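Here is the structure we will look at.
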Amino acid sequence: MLKRLNPQKRKSTKFLTSLLTLFFFFGLCSPAARSQSGAQDSVAKDPAVVRGRKQFAESCGFCHGADATGARGPDLVRSPLVAHDVKGDQIGDVIRRGRPDKGMPPLANMTDEQITDVAAFLHERAKEGLESAGIPGSYPVEKLLTGNAEAGKAFFNGAGGCKNCHSPTGDLAGVAGKYSSIELEAHMLYPGHRRRDTGGAKVQTTAVVTLPSGEQIKGELVHADDFVVGLRDASGWYRSFSRDRVKVEIQDPLAAHRDLLPKLTQADVHNLFAYLAGLK
């Protein structure tokens, strides 16, 4: 099947969706990037959320921040506990029992209604993070520099395997001066996208299809599943093949990044960013 595609067409929607997802789980697109007054306006629609915000600020804000994005205690907006909670069933247990081993005292006197309100507030904050329509172009670097640069350097040269493809005196020389803080962290986590205004080339995944005759067809990978592979050949035509009839080789220059991503801890991300932010 042949179909002419415009080679200049970009999949910006797919990129933005992926990037926002990564930002949410690693805390890079925190609702703190939005003004606190805007957040308060959004929660004013639900009385339970309004009550929960006030209760949270009074009882929990000194550790987790008034907007739940973290202070001495962790950011709760992206917390797995909040994500799995249903109307306070898990949040309530933690509030009442506390986590003494982590410095969180129990709040045994908090009522069921107060816990339900706090849960409503936290769920609203998480929802705001997911539905945020934009990524700020400017973001205070202090919000991201929470890691240890030396630990990041050790990860870069060791467990992360970054040195196998990158060099602080080569392709990464001066990288911190080329991007804003949030752009740098975005490129670190999702290096497959290159903005046009920076002059960078898009990193392309290539498919090599070998036909039964031995002829090879090579081009940019457009689609792949268990049954079909589709590519755009050198002349710009889209071609698809049944995988049971051809041999397919996928050449992904970012395979190492994709393999590493699910293994990264939040500490790894922030330490690595702290190291890269120093390469000016």
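All values derive from a computational prediction rather than experimental measurement.
With hydrogens and angles ignored, the 3.5 Å screen pairs no side-chain donor or acceptor of H166 with any backbone N or O of C162. The closest donor-acceptor contact from the side chain of S79 to the backbone of L81 lies under 3.5 Å. Not a single donor-acceptor pair under 3.5 Å links the side chain of N157 to the backbone N or O of A154. Here the side chain of N271 pairs a donor or acceptor atom with the backbone of N148 at under 3.5 angstrom. Within the 3.5 Å criterion, the main-chain N or O of Q114 finds a donor-acceptor partner in the side chain of T111. Distance alone, capped at 3.5 Å, places no donor-acceptor pair between the H64 side chain and the D75 backbone. Side-chain atoms of D171 come within 3.5 Å of backbone atoms of S167 as a donor-acceptor pair (strictly under, hydrogens ignored). Side chain of Q90 to backbone of H84: a donor-acceptor contact under 3.5 angstrom is found. Under a 3.5 Å cut-off, the side chain of D89 and the backbone N or O of V86 do form a donor-acceptor pair. The main-chain N or O of D233 is never found under 3.5 Å from a side-chain atom of R239 such that the two would form a donor-acceptor pair.
Here the side chains of L272 and K153 are not in contact, with every heavy-atom distance at 4.5 Å or above. Within the 4.5 Å cutoff, no side-chain heavy atoms of W237 are placed close to those of L231. Proximity of V175 to L184: side-chain heavy atoms (C-beta onward) are separated by under 4.5 Å at one or more points. The shortest side-chain heavy-atom distance between M110 and L107 falls under the 4.5 Å cut-off. L254 has its side chain out of reach of T205: every pair of non-hydrogen atoms, C-beta onward, lies at least 4.5 Å apart. By the 4.5 Å heavy-atom criterion applied to side chains, D46 and F121 are not counted as neighbours. Annotation: side chain of R99 is in contact with side chain of V94 (closest heavy-atom distance under 4.5 Å). Counting heavy atoms from C-beta outward, R51 and V118 have side chains that stay 4.5 Å or more apart.
Between D112 and R96 there is a salt bridge, since at least one side-chain N of the basic residue sits less than 4.0 Å from a carboxylate O of the acidic one.
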Intermediate values then yes/no, side-chain contact (heavy atoms from CB on, under 4.5 Å), K218 and Q251: CA-CA 10 Å; K218 182 177 181 179; Q251 300 173 349; 4.0 Å; yes
side-chain contact (heavy atoms from CB on, under 4.5 Å) between V82 and H123, intermediate numbers included: CA-CA 7 Å; V82 174; H123 286 302; 4.0 Å; yes
Show your working on side-chain contact (heavy atoms from CB on, under 4.5 Å) between D67 and F56 and close with a plain yes or no. CA-CA 9 Å; D67 59 358; F56 184 89; over 6 Å; no
Run the side-chain contact (heavy atoms from CB on, under 4.5 Å) test on M188 and F273 for me, step by step, so that the C-alpha distance in whole Å, both residues' side-chain angles and the decisive distance to 0.1 Å come before the verdict. CA-CA 8 Å; M188 182 185 82; F273 174 76; 4.2 Å; yes
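By the 6.0 Å contact criterion, CG on N109 is open, its count of non-hydrogen atoms from other residues, nucleotides or ligands being 12 or less. Under a cut-off of 6.0 angstrom, the local environment of CZ in R243 is crowded, with over 12 non-hydrogen atoms contributed by other residues, nucleotides or ligands.
Taking all atoms of both residues into account, the shortest heavy-atom contact from R97 to P100 is O-CD, 4.1 Å. Considering all non-hydrogen atoms of both residues, A120 and A48 come closest at CB-CB, 4.3 Å. In plain terms, the two heavy atoms of V228 and S240 that are nearest each other are CG1-CB, 4.1 Å. The minimum heavy-atom distance between Q204 and G219, with the atom names listed, is NE2-C, 4.4 Å. Residues M104 and I95 share a closest heavy-atom pair of CE-CA, 4.1 Å. Minimum heavy-atom separation, G152 to Y275: C-CB, 3.9 Å.
Cluster annotation: L279 and Y179 are assigned to the same hydrophobic cluster (Ile/Leu/Val/Met/Phe/Trp/Tyr, side-chain heavy-atom contacts under 4.5 Å, transitive). Both I250 and L211 are members of a single hydrophobic cluster when ILVMFWY side chains are connected at heavy-atom separations under 4.5 Å.
Atom CZ of R53 and atom CG of D117 lie 12.0 Å apart (nearest 0.5 Å). To the nearest 0.5 angstrom, D268 atom CG is 7.5 Å from L260 atom CG.
Evaluated for a side-chain hydrogen bond (donor to acceptor under 3.5 Å, both in side chains) with T210, the options E215, Q216, K247 yield exactly one hit, Q216.
Here the two rings, on H257 and H187, have centers that are 6.0 Å apart or farther.
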